[in-house]
Amino acid sequence: MTRRAQILGVGGYVPPWVVTNAYLTQWMETTDEWIVERTGIRERRWVEPGKGVGASDLGVEAARRALESAGVALEQIQMVVFATLSPDHDFPGSGVFLQRKLGLRPMPVLDIRQQCTGFVYALSIADQYVRSGFVDHVLVVGSEVHSTGIDISTRGRDVAVLFGDGAGAAIVGPARDADAGILSAHLYADGNHAEELWVEVPASNKHPRLSHEDIDAGRHYPSMNGRQVFKHAVTRIAEVVHESLARNGFTIADLGCLIPHQANLRISEYVQKALGLRDDQIHNNIDRYGNTTAATIPLCLDEAIQAGKIRRGDLVCLVAFGAGFTWGAVLLRW
Ligand SMILES: CC(C)(COP(=O)(O)OP(=O)(O)OC[C@H]1O[C@@H](n2cnc3c(N)ncnc32)[C@H](O)[C@@H]1OP(=O)(O)O)[C@@H](O)C(=O)NCCC(=O)NCCS
């Protein structure tokens, strides 16, 4: 019989610079009212420009905090799964930079690219490796530096106001507590919508991968069909939450806390209503961090635990939707 895996500890880290909506108005035509009303975001964190801080650097801080909260020593980590859409460099992946900065010995280090669903996918990978007995302790990291890659002019305002920098990490290991642990993971993607939210260049199907013309046209910045993303997100998130509960013989009433990906507060509110969740059954923190993509779930989970909203024994659902489109949920007993 396979053993069960458990999240033994979580840690979050955001850079200290607080970027308010008001600050953005000096760069683009927007207002605090527009941003708050459409997205619920009041501020986000950005790394300081020119300081050389990348996704692996934020990830290191989150990883240290997760190790401490898990009571797991660095030497016990046997594998790393790193989720990001904003790697330090095109290649190699950020995982090896994080490995080197943490001082981890040679081991499997895996980088994955599932955008906002990255952490949910990463967690399910760690779950499989721990359950099979391949390794005991996996460091799972979701980390993003968006601020260096967004168009902060009026041209890019629909995307630029949404994203923030940050990192979150979890230590996954063999379950310590009876009944606690990851119950199931539910992962999806539908590439028919790949261009609804994407960065077109650099592209390996072009030569050169990035041209001056591309840069002038802003094709190296993310572009998004916001309405399509919104429409699909609310449907898929509600669907996969129901699926995860049903698979394990639970209903919404059994759910202690839903940690939804923080893309837009309106998406979370829509989902909360559609699922019929009370305020104490869901946690949001997008007002302070914006959308930190692969980092949002661990950042939000960490905060919900610290706030006492999640207690040992609670049924917790982590759910995400993002570019690809990709979506998924992990149901666990905390
Ligand atoms: C992005 C989003 C907030 C835009 O809201 P919306 O109601 O769909 O707004 P629209 O895109 O129709 O734009 C309405 C107007 O606001 C303008 N606008 C866009 N961004 C703006 C900004 N930051 N400030 C002010 N005006 C803005 C548009 O240019 C448009 O102007 P127009 O009517 O003159 O053309 C919304 O679509 C959304 O949140 N979608 C989901 C995005 C998401 O979650 N992405 C990450 C997924 S992981």
Side-chain angles (χ1 to χ4, degrees), residues 19-44 83-86 112-122 142-144 146-147 149-166 168 187-191 193-199 218 221-238 240 259-272 274 284-287 289-300 318-329:
V19 175
T20 61
N21 293 343
Y23 176 86
L24 296 179
T25 61
Q26 68 184 298
W27 299 102
M28 61 185 83
E29 285 172 33
T30 191
T31 61
D32 179 49
E33 293 72 35
W34 193 96
I35 301 171
V36 172
E37 191 190 310
R38 308 282 179 121
T39 72
I41 299 167
R42 294 181 184 277
E43 58 190 42
R44 73 285 293 141
T84 187
L85 67 67
S86 51
I112 65 155
R113 288 282 309 266
Q114 277 59 34
Q115 296 71 245
C116 298
T117 321
F119 196 81
V120 165
Y121 267 77
S143 181
E144 306 286 357
H146 282 296
S147 56
I150 46 178
D151 178 1
I152 58 167
S153 73
T154 298
R155 181 180 65 180
R157 64 183 177 177
D158 59 328
V159 172
V161 300
L162 298 177
F163 292 101
D165 303 342
L187 307 177
Y188 292 98
D190 181 356
H193 307 282
E195 290 91 0
E196 301 286 18
L197 174 53
W198 73 330
V199 176
Y221 289 126
S223 71
M224 175 180 75
N225 182 344
R227 297 209 161 185
Q228 281 299 316
V229 174
F230 197 106
K231 200 178 89 185
H232 285 267
V234 292
T235 313
R236 295 308 197 182
I237 289 174
V240 78
I259 303 292
H261 170 61
Q262 302 291 295
N264 181 324
L265 188 61
R266 307 300 156 231
I267 293 179
S268 289
E269 287 171 345
Y270 195 102
V271 166
Q272 179 179 354
N284 293 302
N285 63 2
I286 191 168
D287 56 324
Y289 304 122
N291 181 350
T292 56
T293 317
T296 65
I297 297 255
L299 271 175
C300 198
L318 314 175
V319 66
F321 178 92
F325 291 147
T326 54
W327 65 100

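Indexing begins at 1, ligand by ligand and atom by atom, following the structure's order. Every value quoted in this text rests on a predicted model; they were computed, and no experiment measured them.
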**Q** Check Met28 against ligand 1 and report side chain, backbone, both or neither, counting heavy atoms closer than 4.0 Å.
**A** neither
**Q** In terms of ring plane angle, is the pair Tyr270 and Phe230 parallel, tilted or perpendicular, where the classes change at 30° and 60°?
**A** perpendicular
**Q** Identify which of Thr293, Val229, Thr39, Thr31 has a heavy atom lying nearest to atom 3 (C) of ligand 1.
**A** Thr39
**Q** Taking 4.0 angstrom as the limit and counting only heavy atoms of Val161, give me the atoms of ligand 1 inside it, by number and element.
**A** 23 (N)
**Q** Could you list the atoms of ligand 1 found under 4.0 angstrom from a heavy atom of Ile267?
**A** 44 (O)
**Q** Is a side-chain donor or acceptor of Gln115 paired with a backbone partner of Arg113 at a separation under 3.5 angstrom?
**A** yes
**Q** Distance below 4.0 Å between atom 21 (C) of ligand 1 and any protein heavy atom?
**A** yes
**Q** Closer than 3.5 angstrom, by distance alone: can the side chain of Gln262 be matched with the main-chain N or O of Pro260 as a donor-acceptor pair?
**A** yes
**Q** Parallel, tilted or perpendicular: which fits the ring planes of His232 and Phe325, with parallel below 30° and perpendicular above 60°?
**A** tilted
**Q** Kindly state if atom 45 (N) of ligand 1 has a protein heavy atom within a strict 4.0 Å cut-off, that is, under 4.0 Å?
**A** yes
**Q** Looking at Thr20, Asn21, Thr25, which one forms a side chain to side chain contact (heavy atoms under 4.5 Å, CB included) with Tyr23?
**A** Thr20
**Q** Regarding atom 31 (O) of ligand 1: of the candidates Lys231, Arg157, Arg227, Glu33, which has the closest heavy atom?
**A** Arg157
**Q** As a test of understanding, state which of Ile259, Ile286, Leu318, Asn284 forms a side chain to side chain contact (heavy atoms under 4.5 Å, CB included) with Cys300.
**A** Ile259
**Q** What atoms of ligand 1 come within less than 4.0 Å of a heavy atom belonging to Cys116?
**A** 48 (S)
**Q** For atom 2 (C) of ligand 1, which protein heavy atom lies nearest, and how many Å away is it?
**A** Trp34 CH2, 4.6 Å
**Q** side-chain contact (heavy atoms from CB on, under 4.5 Å), that's the test. Do Phe119 and Thr296 meet it? Break it down for me.
**A** CA-CA 8 Å; Phe119 196 81; Thr296 65; over 6 Å; no
**Q** Heavy-atom distance from atom 35 (O) of ligand 1 to the protein below 4.0 Å?
**A** no
**Q** Enumerate the atoms of ligand 1 whose separation from the nearest heavy atom of Asn291 is less than 4.0 angstrom.
**A** 46 (C), 48 (S)
**Q** Which of the numbered atoms in ligand 1 are under 4.0 angstrom from any heavy atom belonging to Phe321?
**A** 48 (S)
**Q** Relative to the heavy atoms of Gly226, which atoms of ligand 1 are at a distance of less than 4.0 Å?
**A** 37 (O), 40 (N), 41 (C)
**Q** Would you say the side chains of Glu144 and Thr292 form a donor-acceptor pair under 3.5 Å?
**A** no
**Q** Are more than 12 heavy atoms, taken from residues, nucleotides or ligands other than Glu29, located less than 6.0 Å from that residue's CD atom?
**A** no
**Q** Can you report which non-hydrogen protein atom sits closest to atom 7 (O) of ligand 1, along with the distance?
**A** Arg38 NH1, 2.6 Å
**Q** Quick one: which ligand 1 atoms are inside 4.0 Å of a heavy atom on Asp158?
**A** 19 (C), 20 (N)
**Q** Look only at the side chain of Asp165 and the backbone of Ser147, and say whether a donor-acceptor pair between them is shorter than 3.5 Å.
**A** yes
**Q** Where is the nearest protein heavy atom to atom 38 (C) of ligand 1: which residue, which atom, and how far?
**A** Asn264 ND2, 3.6 Å
**Q** Name the closest protein heavy atom to atom 1 (C) of ligand 1, giving the residue it belongs to and the distance to 0.1 Å.
**A** Met224 CE, 3.6 Å
**Q** Check the surroundings of atom CZ in Arg42: do more than 12 heavy atoms from other residues, nucleotides or ligands lie under 6.0 Å from it?
**A** no
**Q** So which bit of Ile35 gets within less than 4.0 Å of ligand 1, heavy atoms only: side chain, backbone, both or neither?
**A** neither
**Q** Does Tyr289 use its side chain to pair, donor to acceptor, with the backbone of Phe163 at less than 3.5 Å?
**A** no
**Q** Can you find a protein heavy atom closer to atom 14 (C) of ligand 1 than 4.0 Å?
**A** yes
**Q** Below 3.5 angstrom, do we get any N/O pair linking Thr30 and ligand 1?
**A** yes
